[in-house]
Amino acid sequence: MLDMKYLRNNFAEVKGKLTHRGEDLSELDHFEELDSKRRELIVQTEELKAKRNEATKQISALKREKKDAEPAIKEMREVGDQISVLDRELNEIEEHLQQIMLSIPNIPHESVPVGEDEDDNIEIRNWGEKPAFNFEEQAHWDIASKLDILDFERAAKVTGSRFVFYKGLGARLERALINFMMELHADQHGYVEMLPPTIVNRASMTGTGQLPKFEEDAFKLEGWDYFMVPTAEVPVTNYHRDEILAGENLPIKYVAFSSSFRSEAGSAGRDTRGLIRQHQFNKVELVHFVKPEDSYETLEILTGHAERVLQLLNLPYRVMSMCTGDLGFTAAKKYDIEVWMPSQDKYREISSCSNFEAFQARRAGIRFRREANGKPEYVHTLNGSGLALGRTVAAILENYQQADGSVIVPEALRPYMCGKEVIK
RNA sequence: GGAGAAGUACCCAAGCCCGGUUGAAGGGGAUGCACUCGAAAUGCAUUAGGGCGGGUAACCGUCGCGUGGGUUCAAAUCCCACCUUCUCCGCCA
């Protein structure tokens, strides 16, 4: 959510900056009218309420002195009616205004490249050497099915398409990656470890920006106003919802492991095979709460923490700066880290690191005080995958595949795999 | 799932039956001042934060006793719904 006062005072400028995002801004046009109507009504009702409060004191004094209060009561009856009419109107307007505010995307940071879609994203850097194979490289689903470590067919029977069983050393590999990543971030990067709920309520989904606009992307529990989390970002960011944090405790950094659930509405036919696009996948997520002046430096650090995972696994990747048209709804700036997938001859997203500035903090009411008696200010929130587990498994299988169909275990993972050096 | 109890300011807690003088007694804590060489103890004082609106500003208004509605001239106090916590029973990993 944007700062309403800022939007009021800089309407044309904000609107200009939002046009590059390629989102529907038709709602925005009602803002100015509703906003001024709202303030008008507030002045009116508050005047009447002040009058009523004054009269109430007098009525109670009259009653105490056993004098006739009937005329005053009669008059206030009318005032009361006026108040309730105006209040009702005010409520409607505030609801509409709130709905508009919740549907306006974040303002892109000035350093974000202007562009329409993913073709306009800019490569910031790349790392590692793409493997050279002297045999025909295979897709990870083929490698995995020959090794019997992933089972998509039975998952389709048990649940449906876009689900998977990890099996044997496949399951072991995924679990090794979870432990490897969690320990790296907790022990070496200084994050506090979390295992959050994987079901959250509507307020949480609204707080981080998944709702109200993207409800069809989420799995909702029938009969409940609960949702399966699409990312641990939701529970972990909302962990501090409606709180005022002590400035001296910032920055706060959490690393959370959770399963993530996405309906992938509108993605039918894309990445139908393999681990790239599942309804359920595991992810290690990094979440920061920082002072506003620190958030852009933090975005670089956070991205570096995610990159560190790929470096230790020796997987080639590049870092892309998302252009205005590919930023997503909530981010002011976003880097995607893309890992090399040999069978596709392409880089594929494996982490997404975003600075939301105060966009989520305003929705979720997350503030801090610089000093004990200072005014509360909104924190800036950031998060990034560190990393998506399924895609990491896919990248390992493809980049570490051997001519005989076996897969070398990256050295950094061997301590988590009982020293095993190869999956065959 | 069944039965019961409770949610009041930073914390504890009175008020709620019998609506108005409680914008919230009292205590603790915190802060300031006094006493003291200093501390403790003691005494005095302050301590609703926050949202929203108006105003160049000082400041003013409004909302606020779990949340949302309702009744009333007026609600912490009455009515309804919901949420959360606790206790007991049942079930259960």
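A, B, ... follow the sequence lines: proteins, then strands. Residue 1 opens every chain.
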Checking base pairs now: Watson-Crick or wobble, both atom distances under 3.5 Å. What partners U46(B)?
A30(B)

Just by distance, with hydrogens left out, do Ser295(A) and His380(A) show a side-chain donor and acceptor under 3.5 Å apart?
yes

So if I take every side-chain heavy atom of Thr56(A) and compare against G20(B), G51(B), C63(B), which nucleotide ends up nearest?
G20(B)

Any Arg367(A) side-chain nitrogen or oxygen under 4.0 Å from OP1 or OP2 of G51(B):
yes

Complementary nucleotide of A5(B), counting Watson-Crick and G-U pairs under 3.5 Å:
U85(B)

Checking Tyr226(A) now: which residues fulfil ring-ring contact (aromatic ring centres under 6.0 Å, His included) with it, not counting sequence neighbours?
Trp224(A)

Under 3.5 Å, is there a donor-acceptor pair linking the side chains of Asn282(A) and Ser259(A)?
yes

Distance in Å, Ile252(A) CD1 paired with Phe368(A) CZ, rounded so as to fall on 0.5 Å steps:
11.0 Å

Side-chain atoms of Lys49(A) come closest, of C73(B), G53(B), U62(B), to U62(B)

By the 4.0 Å heavy-atom rule, please label Ala50(A) as base, sugar-phosphate, or nothing.
sugar-phosphate

Within the pair Arg38(A) and G53(B), is there a side-chain N or O less than 4.0 Å away from OP1 or OP2?
yes

With respect to the phosphate group of C83(B), does any side-chain polar atom (N or O) of Asn201(A) fall under 4.0 Å of OP1 or OP2?
no

Nearest-nucleotide pick for Glu46(A), side chain only, options being G70(B), G53(B), G50(B)
G53(B)

Nearest-nucleotide 5' precedence on RNA chain B, Lys74(A) against Met4(A):
Met4(A)

Can you figure out which of C63(B), G61(B), G50(B) approaches the side chain of Arg369(A) most closely?
G50(B)

Do you see a donor-acceptor pair shorter than 3.5 Å between the side chains of Glu233(A) and Thr208(A)?
no

Checking contacts here: which listed nucleotide (G54(B), G50(B), G70(B)) is nearest the side-chain heavy atoms of Pro376(A)?
G50(B)

Whether Arg39(A) contacts G54(B) is assessed here as follows: a side-chain N or O lying under 4.0 Å from the phosphate OP1 or OP2. Is that the case?
yes

Which nucleotide, in any strand shown, forms a Watson-Crick or G-U wobble pair with C37(B), with both distances under 3.5 Å?
none

Quick one: which of G70(B), C63(B), G53(B) gets closest to the side chain of Lys5(A)?
G53(B)

Have a look at Lys63(A) and say if it touches a base, only the backbone sugar-phosphate, or nothing, with a 4.0 Å heavy-atom cut-off.
base

Touch class at under 4.0 angstrom, heavy-atom based, for Arg8(A) against every strand present
sugar-phosphate

So, is Arg77(A) near the phosphate of U72(B), with a side-chain N or O under 4.0 Å from OP1 or OP2?
no

Please tell me if Asn53(A) has a side-chain N or O lying less than 4.0 Å from either OP1 or OP2 of G61(B).
no

So if I take every side-chain heavy atom of Ile59(A) and compare against C63(B), G20(B), C52(B), which nucleotide ends up nearest?
G20(B)

Judged by each residue's nearest nucleotide on RNA chain B, which is more toward the 5′ side, Ser60(A) or Glu47(A)?
Ser60(A)

Run the salt-bridge test on Asp326(A) and Lys334(A) with the 4.0 Å N-O cut-off and return the result as yes or no.
no

